[in-house]
Amino acid sequence: MTTIEFRRLTPQPVVSIRGEIPVAELTQTQSERLLRLWRFLRARDIAPAGPPFVRYHTFGDIDTDVEIGVPVVDDVTGESEIIEGELPGGRAVVTAHLGAHDDLGDAYTRIEDWLAAQGARNGPAWEVYEWIDLAHEPNPSAWPAPADWRTELVQPIT
């Protein structure tokens, strides 16, 4: 998808881990937290309701406030760092990126250009990693080649 699509989202219950981390450790931290979430759900015999997401609450040059999560059907009681919450409902614009995340900036630029043209305000966006199947333990060495990754970007708007 190279265009912007308008959607009306329904609030989605999730379990997630949020925290501020160095941008340089983003990939490693995402993998570690995704595995923790998968183990958390598996221990409770809970199936994910969709692919995992990464939501950026802030993104700086050095640190980022990031939330790694998994949609679930119902609220789930969390423990330690794992919390329950929800992705917001309401209006959003969505675009998709096919390929490695090194080029993900192009998809963000499409959204930013649309927001500027519409004069729309927004909240924290999130990425949906459609190429990760949480029916199995997350294992980066078993994932498809980065050229085959399909990542959906969701940007809430008001």
Side-chain angles (χ1 to χ4, degrees), residues 1-21 23 26-27 29-31 33-38 40-42 44-60 64-78 81-136 138 143-144 146-158:
M1 176 188 313
T2 58
T3 60
I4 298 292
E5 174 186 331
F6 176 78
R7 290 191 193 160
R8 189 161 299 277
L9 305 175
T10 302
Q12 173 65 59
V14 301
V15 291
S16 64
I17 303 172
R18 179 178 174 181
E20 192 166 303
I21 60 168
V23 171
L26 190 55
T27 301
T29 301
Q30 288 176 346
S31 294
R33 290 181 177 178
L34 187 58
L35 181 59
R36 288 186 55 212
L37 289 163
W38 180 82
F40 174 85
L41 293 174
R42 187 166 173 92
R44 287 154 184 79
D45 198 28
I46 299 170
F53 69 90
V54 174
R55 187 174 190 198
Y56 297 99
H57 294 273
T58 64
F59 201 96
T64 182
D65 177 2
V66 66
E67 177 183 6
I68 293 100
V70 178
V72 293
V73 174
D74 295 311
D75 290 339
V76 178
T77 301
E81 276 189 288
I82 298 174
I83 59 168
E84 59 184 314
E86 73 178 16
L87 291 173
R91 298 174 30 175
V93 291
V94 179
T95 192
H97 171 75
L98 182 62
H101 284 184
D102 294 346
D103 299 324
L104 205 53
D106 294 342
Y108 277 106
T109 298
R110 283 194 299 276
I111 288 178
E112 290 170 13
D113 290 349
W114 186 92
L115 292 169
Q118 301 299 316
R121 295 179 313 195
N122 58 50
W126 62 89
E127 300 168 1
V128 179
Y129 297 160
E130 295 179 351
W131 42 273
I132 298 177
D133 179 5
L134 289 180
H136 309 284
W143 290 341
D148 296 327
W149 292 354
R150 185 175 189 285
T151 305
E152 188 173 77
L153 278 67
V154 181
Q155 176 62 70
I157 59 174
T158 56

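Computed over heavy atoms, backbone and side chain alike; hydrogens, waters and symmetry mates excluded. Along the sequence shown, residues are numbered consecutively beginning with 1.
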Suppose we screen for salt bridge (Lys or Arg N to Asp or Glu O under 4.0 Å). Which residues come up paired with [X], at least two apart in sequence or across chains?
| X | answer |
| --- | --- |
| Glu112 | none |
| Arg55 | none |
| Asp65 | Arg18 |

Using side chain to side chain donor-acceptor pair (under 3.5 Å) as the criterion, list what pairs up with [X], not counting sequence neighbours.
| X | result |
| --- | --- |
| Trp143 | none |
| Glu130 | Arg150 |
| Gln12 | none |
| Thr64 | none |

Does [X] have any side-chain contact (heavy atoms from CB on, under 4.5 Å) partners at least two apart in sequence or in another chain, and if so, which?
| X | answer |
| --- | --- |
| Arg42 | Trp38 |
| Asp113 | Thr109 |
| Pro146 | Ala100, Trp149 |
| Thr29 | Ile21, Glu25, Arg33 |

Minimum side-chain heavy-atom gap [X]-[Y] below 4.5 Å:
| X | Y | value |
| --- | --- | --- |
| Pro52 | Leu134 | yes |
| His101 | Thr27 | no |
| Leu104 | Leu153 | yes |
| Glu152 | Phe53 | no |

[X] [atom1] to [Y] [atom2] distance, which is reported to the nearest 0.5 Å:
| X | Y | atom1 | atom2 | value |
| --- | --- | --- | --- | --- |
| Ile68 | Arg36 | CD1 | CZ | 10.0 Å |
| Leu37 | Ile17 | CG | CD1 | 4.0 Å |
| Ser31 | Ile132 | OG | CD1 | 7.5 Å |

Test item: Gln155 side-chain N/O and Pro124 main-chain N/O as donor-acceptor pair under 3.5 Å: no
Return the minimal non-hydrogen interatomic distance between [X] and [Y], and the atom names on each side.
| X | Y | result |
| --- | --- | --- |
| Ala107 | Thr95 | O-CG2, 3.7 Å |
| Ala49 | Val73 | CB-N, 3.9 Å |
| Ala96 | Arg110 | O-NH2, 2.8 Å |

NZ or CZ of Arg44 within 45° of Phe40 ring axis and under 6.0 Å: yes
Test ring-ring contact (aromatic ring centres under 6.0 Å, His included) applied to Trp114 - qualifying residues, sequence neighbours left out: none
Val70 and its side-chain contact (heavy atoms from CB on, under 4.5 Å) partner, picked from Leu41, Val14, Ile46: Leu41
Mutual orientation of the aromatic rings belonging to Trp131 and Tyr129 [parallel < 30°, tilted 30-60°, perpendicular > 60°]: parallel
